[in-house]
Amino acid sequence: ADGSYNNVTSALSATQGGTVSIDPATDRLVVDSNRLQLTKSFTDDPVAPGDSVTLEFTLTNLDTGEVASDIDFTDDLGATLTGLTFDSVLTNGCGATVTGTGTTTITVAGASLGAGESCTIRTSLAVPAAAPAGIYTNTSSDVAGDISGFPVTGDPASDDLDVIPKLSFSKSFDGPATATGTATLTFTITNPGADTASDLHFSDDLYAVIPGMIAVSLPPAPCGAGSSINGISFLTFTGGELPPSGGSCSFDVEVLVPATAAAGTYPNTTSDLFQSGLQVAEPATADLVIEPPPTFAKAFQPDTIFAGDASTLTFTIDNTASALAASNLAFTDDLPAGVVIATPSVTSNTCAGTLTAVAGASTITLAGGSVGAGTSCTIEVDVTSSAGGSYVNTTGDLTSSSGDSGTASDILTVTAAADLSVSKTNGVSWATPGQSLTYTIVAANAGPSAEPSATLTDAFPVDLSCSWT
């Protein structure tokens, strides 16, 4: 048995020219089988439920003169935390057999150490996803081994596993947006754990959602006095702190959608949420929906007229594909040379705003118009031309709060028209036989178009003869 044992001889007596007596001899024998040392450490906690943690064991042979062999110990992980599982061996510098992967017990057998040497075994453990937050003490068994045929031991090793709670992390957009419009992006973080959650941080790449999308408004100290969110197209949130037991923060970032954004649904995903470098929440995701701008079309009706007649030019702004109303509708239409607004000016407008179409002018404009979600509106203006030809008419871009709708185009065909008349007079009401009379014939064109191929025929009675001048 271990202990300190005193060994005392009897007195030594002898005869040497008489009787000689010498005091007893004494020495102490110390028996100590505790010649092995085991230490352990969770090297990368705190850890969140569902994550992995590294457990490191270090064995030391305290005997500086002899080799230690057949070193064994076990570690009951399940006794520490229900569901804590041995996942894998990361390193084994002890020459031991390590078993128990996939279970809640680590078994180490057959390790050996030279005199005074140490070795390390590193293992990976899986923390159960449902693990409550807390500090869990993990204690191994005693260590047993052999030195020179004698059994030796070592005391159990202990360390604390710190499990911190998963946080709730979400984000949302306030609704559909449009190209050139803004959207409010809301982040929400909640701490359900029993301890303060500090040093929270995450990032959000807006450029990866839509190239050119930027933040135009950022809140100060969004989640605790020392917190901040910074950036334009790449947002970085740092220094967040939440009190325990449901402490929460929610903050808004206003983003501007670029004019080049096409209609569609765009998912936006953050990084993981971290606490002091440890992942405590999965990425937050939300969809940004971009509604299309109104479509823009125009048509002449009729599209073929005679010179001087009128055609009704109709502009159609169709917003039936959008869930958002479009405001600030604006466009300019410069009519082609030779086409003008009819006199009097005949117009109609269901698109609100200010329509400008002055009789005799060649420019039509709309400013400040609007069209409701899922509806359309029209503008009508009568136009005319005095000269024949084919007139291609293309507007400028239609712009609005929903973005750029582009141009609208149509063709007006004008056919030349002439107003011809003829008159004939001789200046008398009767004449005597043989009398000479002078007839005056007048051909006229009241327009508006010239008539280059006009002909006139006058058939005289056979009893009359005539000469032309």
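Because the structure is a prediction, the values reported are computed rather than measured. Atom set for the values below is all heavy atoms of this structure, side chains included, hydrogens, waters and symmetry mates excluded.
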Is the CZ atom of Phe150 crowded by more than 12 outside heavy atoms at less than 6.0 Å? no
If you count heavy atoms of other groups shown closer than 6.0 angstrom to CG of Leu90, is the number above 12? yes
From [options], residue fulfilling side chain to side chain donor-acceptor pair (under 3.5 Å) relative to [X]:
| X | options | result |
| --- | --- | --- |
| Lys171 | Thr270, Thr269, Asp204, Thr188 | Asp204 |
| Asp333 | Thr395, Asn393, Thr363 | Asn393 |
| Thr80 | Thr139, Thr104, Asn138 | Asn138 |

Candidate pair Phe187 and Phe237, rule ring-ring contact (aromatic ring centres under 6.0 Å, His included), full reasoning: CA-CA 11 Å; Phe187 298 95; Phe237 168 79; 8.1 Å; no
Kindly say whether [Y] contributes a backbone atom to a donor-acceptor pair with the side chain of [X] at under 3.5 angstrom?
| X | Y | result |
| --- | --- | --- |
| Asn319 | Ala323 | no |
| Ser311 | Asp303 | no |
| Asp318 | Pro294 | no |
| Asp410 | Phe300 | yes |
| Ser141 | Thr74 | yes |
| Asp397 | Thr399 | no |
| Ser322 | Glu291 | no |
| Ser248 | Ile189 | yes |
| Thr312 | Asp382 | no |
| Asn349 | Ile379 | no |

What's the shortest heavy-atom distance between Asp45 and Asp160, and which atoms? OD2-O, 3.2 Å
Heavy-atom nearest pair, Ser118 first then Leu113, reads C-CD2, 3.7 Å
May I ask you to test the [X]-[Y] pair for a side-chain heavy-atom distance under 4.5 Å?
| X | Y | result |
| --- | --- | --- |
| Leu218 | Leu235 | yes |
| Leu36 | Val143 | yes |
| Leu185 | Asn268 | yes |
| Glu117 | Val67 | no |
| Ser140 | Leu38 | yes |
| Pro132 | Val163 | no |
| Leu55 | Phe86 | no |

Quick check for you: to the nearest 0.5 Å, what is the distance between [X] atom [atom1] and [Y] atom [atom2]?
| X | Y | atom1 | atom2 | value |
| --- | --- | --- | --- | --- |
| Thr350 | Phe315 | OG1 | CZ | 13.0 Å |
| Ser227 | Phe251 | OG | CZ | 7.5 Å |
| Thr238 | Leu200 | OG1 | CG | 10.5 Å |
| Thr54 | Leu125 | OG1 | CG | 7.5 Å |
| Ile71 | Asn61 | CD1 | CG | 6.5 Å |
| Thr196 | Glu241 | OG1 | CD | 6.0 Å |

Is the gap between the ring centers of Phe274 and His201 under 6.0 Å? yes
Is the Phe169 to Phe202 ring centre distance short of 6.0 Å? yes
List the steps, then state whether side chain to side chain donor-acceptor pair (under 3.5 Å) holds for Ser401 with Asn328. CA-CA 6 Å; Ser401 61; Asn328 295 322; 5.7 Å; no
Take Ser402 and Thr178 through the test side chain to side chain donor-acceptor pair (under 3.5 Å) and record every step on the way to the result. CA-CA 5 Å; Ser402 293; Thr178 61; 4.6 Å; no
Given side chain to side chain donor-acceptor pair (under 3.5 Å), test Ser158 with Thr137 step by step and report yes or no. CA-CA 7 Å; Ser158 294; Thr137 301; over 6 Å; no
